[in-house]
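Here the structure comes first, spelled out in structure tokens, and everything after it is commentary.
The shown structure was predicted, so the numbers you read here are calculated from the model rather than taken from an experiment.
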Amino acid sequence: MQTRLVTATAWAATLVATLASLPAQAATPARPPNAEHGWVTSTLRHMSLEQKVGQLFATYVYGGDAVNPSATDRAANLAAFGVETPAEVIERYHLGGVCYFSWSHNLDSPRQIATLSNGLQRAARGDGAKGRVPLLISTDQEQGAVVRMPSPAAQFPGSMALGAGRSAQAAQTAAEVTGRELRAVGIRQPYAPIADVNVNPGNPVIGVRSFGADPTLVADLTAAQVTGFQDRAGVTAAAKHFPGHGDTATDSHTGLPVINHSRAEWDRIDAPPFRRAIRAGVDTIMTAHIVVPALDPSGDPATLSPTILTGVLRGELGFRGVIVTDALNMAGVRAKYGDERVPVLALKAGADQLLMPPNLALARDAVLRAVATGELTERRIDESVRRILGVKYRQGLARSPLVDVEKAVRTVGAPEHLAAVTRVTDPTLTAVRNDAAVLPLPHADRSVLITGWDSAAFAPVTTVAAGFTARGARATARPATLPSDATIAATASQAAEHDLTVVLVNKAWDTAVTDPRATQHRLVAALLGTGKPVVVVAVRDPYDIAYLPGVTTYLATYSYTRAAMDALVRALHGELSPSGRLPVTIPKAEGAGSVLYPYGHGLSW
């Protein structure tokens, strides 16, 4: 115990030193509240109704350059928005925000992203005429399972890993470094942190995106990340998904989930992280496309519920910031009403910013028509625009929306940021089972097969194999992502010729008949059948072991980033003592409340 305390103290001291070495953040200096009020009021006064309504929308655009996208991206913009370039989309719709994605070809390199951001901001500001305001550029940089920024950006292991590490300071650091890099390339709003409490091991959409299953832990780390993003890095945090998406077996991208928590359960489980985020000063909260009958028996998703958004979030919890909807092209919000009604109903419910409607022109025109008919008032539009402009002012966008491209290149992936990634990642690795005392392994001339689930972006199988080779082993990398029966047989045959096999699994708990992930069960069983030692590593959800009978050596990394795989290799060889503790309970496969490994479980060596 004494050794563990000394190690933790040394880690904390190193982390403090790393934070101290980070360059001073050039966030907007604090100004008197009346300065913000004056700018917002003056700007709003000079805006037309069309400009105001445009401010309510944030969406994607296709292309890596604001005015000169590829021919493919020109065609995609023309089909989606009626114009060819990202700059023209901004100008036509007076957009308030843009959300970057890899699939829309916005994210390639720090230089390209920063240049794109500057081009979009110039389009938003136009000739500087009154009523033209800068964009709030966003992306889903949650880290871990949901990453948008490509290499060389700092890649932290994600929320559930941070929950396993149990350190609010580490969570704050991850948010701070992430926020600094986003701000450097012109992205001022990460859609993070995740405030959902993942109490359902079968949750198909949240899982490791959550800090864990304990409301207090999730609340502590949510608040820490709000501070890291906003106070330390100078970007706008967005706590999501209100009123809590952690206990669902339905993905709101493809269906409309129903959360059957009682009001008392909601107060105890789901509400605490949002309450803490609000106390920490979070600027934005994102809605969930979920039905919560205990909060609103109407059957409407929370995104369209005045009872939940205006009554509970604003009235009971006292939130005064921007309410942004989750993407309006998701099935959960489209299940009950048509695309023309959804944006109007969201505004009537209390939302301010409408994210990614499936048809931007239809959504914009529907809001304008609702004002013309009196269903919505211009005063109601003004309320939301005021909140959005306030965030932009506090971000410093009113004065200087452009970024220094060369500074962006120096900032993203800076050595001190990558050092912070390692220090935050190391304490998150969780050893769950080591019954045969296979671990730790000696550095030795042994033959090792590394196989199982792989990722093109991070190449975890190859990364682990390289780590073994560097320690004197003869390592073979054989990726087997969702393998066929033929691949399973060939991999097992190869494993029989090696001294040890390390197999990576990803969401092997998902045993739906139509889900090919179930093939991972057969792969692990075949490897165990060789009689050779097998180390199983869950590189996403820790629940997999319940569905892998016979496994006696099992670790959870919660992500497959290079830093997580490096920590894994060091732990396997005894260079790093695992110190992560399960932030969730792992139930037995048969369920019914039976516990295989309890919350807080974790081994060390």
Separation of K348 NZ from S305 OG (nearest 0.5 Å): 13.0 Å
Trace of the side-chain contact (heavy atoms from CB on, under 4.5 Å) decision for R74 with N68: CA-CA 9 Å; R74 284 179 178 273; N68 190 30; 3.8 Å; yes
Pair N106-Y60, side-chain donor/acceptor within less than 3.5 Å: no
A223 backbone acceptor or donor facing T227 side chain under 3.5 Å: yes
Residue pair P401 / P134: nearest heavy atoms and the distance that separates them: CB-CB, 3.9 Å
Polar side-chain atom of R276 near backbone of A271 as donor-acceptor pair, under 3.5 Å: no
NE2 on H417 to CD on E176, rounded to 0.5 Å: 8.0 Å
Side-chain donor/acceptor of K336 to backbone N/O of P301, under 3.5 Å: no
Among D283, D382, T284, D352, side chain to side chain donor-acceptor pair (under 3.5 Å) partner for R387: D352
With S138, the side chain to side chain donor-acceptor pair (under 3.5 Å) member among Q353, R188, Q189: Q189
Sub-4.5 Å side-chain heavy-atom contact between M47 and H94: no
Side-chain heavy atoms of Q141 within contact of Q155, under 4.5 Å: yes
Pairwise side-chain contact, R180 with R183, heavy-atom cut-off 4.5 Å (strictly under): no
Side-chain heavy atoms of F81 within contact of R92, under 4.5 Å: no
Within-4.5 Å side-chain heavy-atom neighbours: V208 and S559: no
Donor-acceptor contact present, side-chain E84 to main-chain N77, <3.5 Å: no
Under 3.5 Å donor-acceptor, W266 side chain and P243 backbone: yes
Gap separating the CG atom of D65 from the NE2 atom of H105, nearest 0.5 angstrom: 14.0 Å
Parallel, tilted or perpendicular: ring planes of F274 versus F242, cut at 30 and 60 degrees: perpendicular
Nearest heavy atoms of V342 and L304, plus distance in Å: O-CD2, 3.6 Å
Donor-acceptor side-chain pairing of R45 and T41 below 3.5 angstrom: no
Side-chain (Q143) to main-chain (A154) donor-acceptor, under 3.5 angstrom: yes
T43 side chain to W39 backbone, donor-acceptor under 3.5 Å: yes
Any side-chain heavy-atom pair of R132 and E91 under 4.5 Å: yes
Nearest atoms (heavy-atom pairs only) where A184 meets A408: O-CB, 3.2 Å
Between D73 and S70: side-chain donor-acceptor atoms closer than 3.5 Å: yes
Parallel, tilted or perpendicular: ring planes of H245 versus H241, cut at 30 and 60 degrees: perpendicular
Smallest separation among heavy atoms of A87 and V67, with atom names: CB-CG1, 3.9 Å
Heavy-atom pair with the smallest gap, counting every atom of A124 and L135: CB-CG, 3.8 Å
Inter-residue atom distance L418.CG - R562.CZ, 0.5 Å rounding: 12.0 Å
Y560 and F458 aromatic ring geometry - parallel, tilted or perpendicular at 30°/60° bounds: perpendicular
Residue that, paired with N200, satisfies side-chain contact (heavy atoms from CB on, under 4.5 Å) out of T248, D247, I206, I259: D247
CG-OG1 distance between L182 and T411, expressed to the nearest 0.5 angstrom: 11.5 Å
Any side-chain donor near an acceptor of the partner, E88 and T85, under 3.5 Å: yes
Distance-only donor-acceptor check, side chains Q395 and T236, under 3.5 Å: yes
side-chain contact (heavy atoms from CB on, under 4.5 Å) assessment of Y62 paired with F101: CA-CA 9 Å; Y62 291 99; F101 294 94; over 6 Å; no
Side-chain (K392) to main-chain (G96) donor-acceptor, under 3.5 angstrom: yes
Under 3.5 Å: donor-acceptor pair, side chain of Q230, backbone of A237: yes
Non-hydrogen atoms of N260 and P293 that approach each other most closely: OD1-CG, 4.2 Å
Sidechain-backbone polar pair: N118 side chain, L402 backbone, donor-acceptor under 3.5 Å: no
Side chains of H289 and L328 in contact at under 4.5 Å (non-hydrogen atoms): yes
Spacing of OG1 belonging to T287 relative to CG belonging to L313, to within rounding of 0.5 Å: 9.5 Å
V333 side chain reached by T325 side chain, heavy atoms, under 4.5 Å: no
